Visitor: 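Okay, here's the structure, questions in a sec.
Atoms within each ligand, like the ligands themselves, are counted from 1 in listed order. Values reported hereafter were calculated over all heavy atoms of this structure, with side chains retained and with hydrogens, waters and symmetry mates removed. Everything quoted here is computed from the prediction, not taken from an experiment.
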Amino acid sequence: MSEDTLFSRIVAGEIPADIVFQDDRVTAFRDINPQAPTHILIIPNKIIATVNDVTKADEATLGHMFVVARDLAEQEGIASDGYRLLVNCGHHANQEVLHLHMHLVGGKPLGRMLSTKVRESS
Ligand code: 5GP
């Protein structure tokens with residue numbers, strides 16, 4: 001079995017988080033450092049480190065993440081104005097937590113990109 005991640009510990013209830021949705025396949029919780037009025041992370045309960053580690057067996061779970069994102073956007077009241085779904089993969093994308101996660105960001109105009117900040121080193 002994969003080693004625990006920060007996010008798998010949130011799934012297990014070992015680390016507190018503001019969980020807004022959970023079922024047998026995915027968990028969604030508010031980002032600790034929100035970049036917009038709504039900033040929710042939607043993750044597979046199963047540890048998948050990055051998009052590079054996705055397999056065909058994960059298709060149903062990954063599709064479910066989009067359905068959950070759609071429902072949460074509706075619940076948050078941001079569906080009609082629009083929102084951004086974003087998945088970082090690896091070093092060049094500054095993926096911080098090696099447990100695949102979809103950011104659901106909205107509640108204000110987001111511009112063309114969420115951030116143009118570029119980390120110079122490491
Ligand atoms: P990444 O850069 O990997 O795509 O995004 C990781 C996200 O996880 C960041 O937006 C960061 O604020 C969030 N995050 C990091 N640690 C925690 C935590 O302990 N709890 C919650 N709720 N979010 C976290």
Visitor: Considering heavy atoms of the protein only, find what lies nearest to atom 3 (O) of ligand 1 and give residue, atom and distance to 0.1 Å.
Guide: E96 N, 2.6 Å
Visitor: Counting each atom of ligand 1 from 1 as listed, which ones have a heavy atom of N33 under 4.0 Å away?
Guide: 12 (O)
Visitor: Atom 13 (C) of ligand 1: which protein heavy atom is closest, and how many Å away?
Guide: D31 OD2, 3.3 Å
Visitor: Hey, which atoms in ligand 1 end up nearer than 4.0 Å to a heavy atom of N94?
Guide: 2 (O)
Visitor: Give the atoms of ligand 1, by number and element, whose distance to some non-hydrogen atom of N88 is under 4.0 Å.
Guide: 1 (P), 2 (O), 4 (O)
Visitor: Please work out, at 4.0 Å between heavy atoms, whether the side chain, the backbone, both, or neither of D18 comes within that distance of ligand 1.
Guide: neither
Visitor: At a 4.0 Å threshold, what atoms of ligand 1 neighbour a non-hydrogen atom of V97?
Guide: 3 (O)
Visitor: Over all heavy atoms of both residues, which pair between G106 and A36 is shortest? Give the atoms and the distance, please.
Guide: O-CB, 3.5 Å
Visitor: Per the salt bridge (charged side-chain N to carboxylate O under 4.0 Å, His left out) rule, what does the pair list look like for residues 38-49, sequence neighbours excluded?
Guide: K46-D58
Visitor: Would one find an N or O of F7, backbone or side chain, under 3.5 Å from an N or O of ligand 1?
Guide: no
Visitor: Of all the non-hydrogen atoms in the protein, which one sits nearest to atom 20 (N) of ligand 1, and at what distance?
Guide: I32 CB, 3.7 Å
Visitor: Please find the pair of heavy atoms, one from H39 and one from N33, that lie closest to each other, and give the distance.
Guide: ND1-O, 4.1 Å
Visitor: Could you work out, for atom 5 (O) of ligand 1, the closest of H101, H39, Q35, H99 by heavy-atom distance?
Guide: H101
Visitor: Between I47 and L98, which heavy-atom pair has the shortest distance, and what is it?
Guide: CG2-O, 4.4 Å
Visitor: Identify, by atom number and element, the atoms of ligand 1 in contact range of Q95, meaning under 4.0 Å from any of its heavy atoms.
Guide: 3 (O)
Visitor: Could you tell me whether the side chain of N45 and the main chain of T27 form a donor-acceptor pair under 3.5 Å?
Guide: yes
Visitor: Identify the protein heavy atom lying closest to atom 16 (N) of ligand 1, giving its residue, its atom name and the separation to 0.1 Å.
Guide: L6 CD2, 3.3 Å
Visitor: Could you check which of H103, M102, R30 puts a non-hydrogen atom nearest to atom 4 (O) of ligand 1?
Guide: H103
Visitor: Give me each pair satisfying ring pair (Phe, Tyr, Trp, His ring centres under 6.0 Å) with a member in residues 9-37, each pair once, sequence neighbours excluded.
Guide: F7-F29
Visitor: So, for P34 and D31, which heavy atoms are closest and what is the spacing to 0.1 Å?
Guide: CD-O, 3.5 Å
Visitor: Identify the heavy atoms of Y83 and A73 that sit nearest to each other, and give their distance.
Guide: CE2-CB, 3.4 Å
